[in-house]
Amino acid sequence: MLRWARAWRLPLRGLGPSSLSASRVPLAPSSSGRSGTERRSVLLSYRLLDGEAARPALVFLHGLFGSKTNFNSIAKALAQQTGRRVLTVDARNHGDSPHSPDMSYEAMSQDVQDLLTQLGLVPCVLVGHSMGGRTAMLLALQRPELVERLIAVDISPVETTSNSDFPSYMAAMRAVDVPDDMSRSSARKLADQQLSTVIQDTAVRQFLLTNLVEVDGRFVWRVNLEALAQHVDKILAFPPRQESYPGPTLFLLGGNSQYVHPSHHSEIRRLFPQAQMQTVPNAGHWIHADCPQDFMAAIRGFLA
């Protein structure tokens with residue numbers, strides 16, 4: 001039967017000649033003297049595309065239930081178009097990165113801070129979608145010297161519980177029941193049928209099913225559903241902050257999305273006084289998937 005994957009990791013596969021590296025950096029436990037508490041980083045899985053070292057790298061952080069592969073084609077295109085290094089990262093409890101019971105934004109920010117420092121990619125241009133956008137915002141507020149500029153994709157530093165379907169997605173995923181030793185196509189079809197009773201949007205189901213993987217003849221969710229479900233309220237909120245980030249900031253919004261409401265604008269400007277807002281018409285919450293050319297054009301324009 002399908003089970004939740006708790007602490008295993010997928011083996012890294014070849015990523016082709018355009019990848020400079022695809023690895024987990026051996027990070028030591030980091031002590032955050034800034035807060036007086038110790039927070040242990042996890043060894044994030046990443047993919048780094050080569051480019052000019054003289055210019056800040058582009059660093060992409062995915063959203064809830066996503067992975068670094070969400071940005072594969074965009075990362076390749078932007079590496080070619082801008083000549084910059086491009087880093088894509090799996091958050092803890094996602095993709096090929098390890099599982100951890102801690103799913104706070106403070107922990108996710110520390111993971112990325114340590115990875116960027118280890119790879120020598122600071123300061124960088126930090127691009128985060130949804131959950132990754134909040135991680136990017138918090139990192140910029142905590143360590144502004146690490147972030148040359150910031151792009152938050154269809155998310156704000158204001159709680160979005162009221163319009164989020166993620167808790168129902170988690171419940172539907174946890175209820176999926178797939179027998180062992182099915183073919184991959186049959187397993188995905190059965191899981192899709194079961195998810196469809198709760199999730200009507202085919203595109204959303206297909207996105208969630210990218211997390212259904214086979215390990216030793218059985219199908220598991222590679223995301224840590226247990227940790228995500230326990231911390232969903234934290235994921236849908238944002239840690240209260242008093243400091244502001246002084247660097248250039250772009251809030252890139254989907255024209256068909258309701259994640260960033262006009263009532264959020266005052267808090268955005270308080271925390272990010274240089275914030276610009278740009279809307280991509282005909283895009284929903286997943287702007288990079290709905291309108292990839294417009295998404296890349298907005299990033300290039302912000303870098304110019």
Side-chain angles (χ1 to χ4, degrees), residues 47 58-78 86-91 93-97 105 108 125-137 150-170 172-173 188 191-192 195-196 198-212 221-223 225 228 232 235-236 238 250-261 264 268 277-302:
R47 184 184 187 187
L58 298 173
V59 177
F60 286 88
L61 307 180
H62 64 77
L64 187 60
F65 300 122
S67 73
K68 63 182 179 292
T69 61
N70 296 159
F71 296 108
N72 272 355
S73 59
I74 284 171
K76 290 179 183 178
L78 285 174
V86 181
L87 179 73
T88 54
V89 183
D90 282 334
N93 294 318
H94 290 74
D96 296 331
S97 286
Y105 281 113
M108 288 188 279
V125 177
L126 207 49
V127 186
H129 170 248
S130 198
M131 180 187 78
R134 286 198 169 124
T135 301
M137 284 188 272
L150 171 68
I151 303 176
V153 183
D154 208 57
I155 201 67
S156 79
V158 180
E159 187 173 4
T160 53
T161 304
S162 60
N163 64 358
S164 175
D165 295 317
F166 287 129
S168 64
Y169 295 169
M170 292 179 194
M173 292 168 75
R188 283 179 62 95
D192 183 58
L195 290 174
S196 69
V198 176
I199 305 168
Q200 281 71 49
D201 190 322
T202 303
V204 171
R205 295 199 307 272
Q206 293 304 307
F207 171 65
L208 297 177
L209 286 169
T210 61
N211 291 290
L212 184 65
W221 295 112
R222 65 178 177 177
V223 290
L225 278 176
L228 299 183
V232 65
I235 295 169
L236 296 176
F238 188 75
L250 174 65
F251 281 80
L252 190 61
L253 314 180
N256 297 337
S257 174
Q258 301 299 317
Y259 272 75
V260 181
H261 191 270
H264 300 180
I268 288 172
M277 296 198 188
Q278 182 176 343
T279 299
V280 178
N282 304 316
H285 182 55
W286 286 273
I287 300 173
H288 49 286
D290 293 342
C291 301
Q293 296 302 322
D294 293 337
F295 178 73
M296 290 188 289
I299 291 174
R300 293 195 307 271
F302 185 59

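Within the 4.5 Å cutoff, the side chain of S130 has no heavy atoms near those of the D154 side chain. Taking 4.5 Å as the limit, some side-chain heavy atom of F207 sits within range of a side-chain heavy atom of N70. Taking the side chain as every heavy atom from C-beta outward, I268 and V260 approach each other to under 4.5 Å. I155 places a side-chain heavy atom less than 4.5 Å from the side chain of M137. Side-chain atoms of L252 and H288, non-hydrogen and from C-beta on, never get closer than 4.5 Å to each other. Using a 4.5 Å heavy-atom threshold, the side chains of I299 and F60 count as touching. With contacts defined as side-chain heavy-atom distances shorter than 4.5 Å, the pair F65/L225 qualifies. Residues H62 and T69 have side chains not in contact (no heavy-atom distance under 4.5 Å, counting atoms from C-beta outward).
P281 approaches C291 most closely through the heavy-atom pair O-SG, 3.9 Å. Closest approach of G254 to I287, counting heavy atoms only: N-CD1, 3.3 Å. G255 approaches T279 most closely through the heavy-atom pair CA-CG2, 3.5 Å. In this structure, M296 and A77 approach most closely via the heavy-atom pair SD-CB, 3.5 Å. Of all heavy-atom pairs between P292 and I74, the closest is CB-CD1, 4.4 Å. Scanning both residues, D192 and R205, for their nearest heavy atoms gives OD1-NE, 2.7 Å.
Remark: the backbone N or O of V89 is not paired with any side-chain donor or acceptor of R47 at under 3.5 angstrom. No donor-acceptor pair closer than 3.5 Å links the side chain of R222 to the backbone N or O of S97.
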Go through the steps to decide whether L195 and L209 satisfy the test side-chain contact (heavy atoms from CB on, under 4.5 Å), and finish with yes or no.
-> CA-CA 9 Å; L195 290 174; L209 286 169; 4.0 Å; yes
Residues M173, V223; criterion side-chain contact (heavy atoms from CB on, under 4.5 Å); working and verdict = CA-CA 10 Å; M173 292 168 75; V223 290; 4.1 Å; yes
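Separation of atoms CG (L228) and CE (M131) is listed at 7.5 Å; rounding is to 0.5 Å. Taken to the nearest 0.5 Å, the OG atom of S196 stands 12.0 Å off from the CG atom of D201. Summarising the geometry, atom CG belonging to N282 is positioned 9.5 Å from atom CG belonging to D290; distances are rounded to the nearest 0.5 Å. One finds the NE2 atom of H94 at 12.0 Å from the CG atom of L61 (value rounded to the nearest 0.5 Å). With values rounded to the nearest 0.5 angstrom, I235 atom CD1 is found 6.0 Å from M108 atom CE. Of the inter-residue distances, the one linking L87 atom CG with K68 atom NZ reads 10.0 Å to the nearest 0.5 angstrom.
Taking the six-membered ring for Trp and thresholds of 30 and 60 degrees, F166 and Y169 have ring planes more than 60 degrees apart, a perpendicular arrangement. The aromatic rings of H129 and W286 lie tilted to each other, with the angle between the two planes from 30° to 60°. By the 30° and 60° cut-offs, the orientation of the rings of Y259 relative to H285 is parallel.
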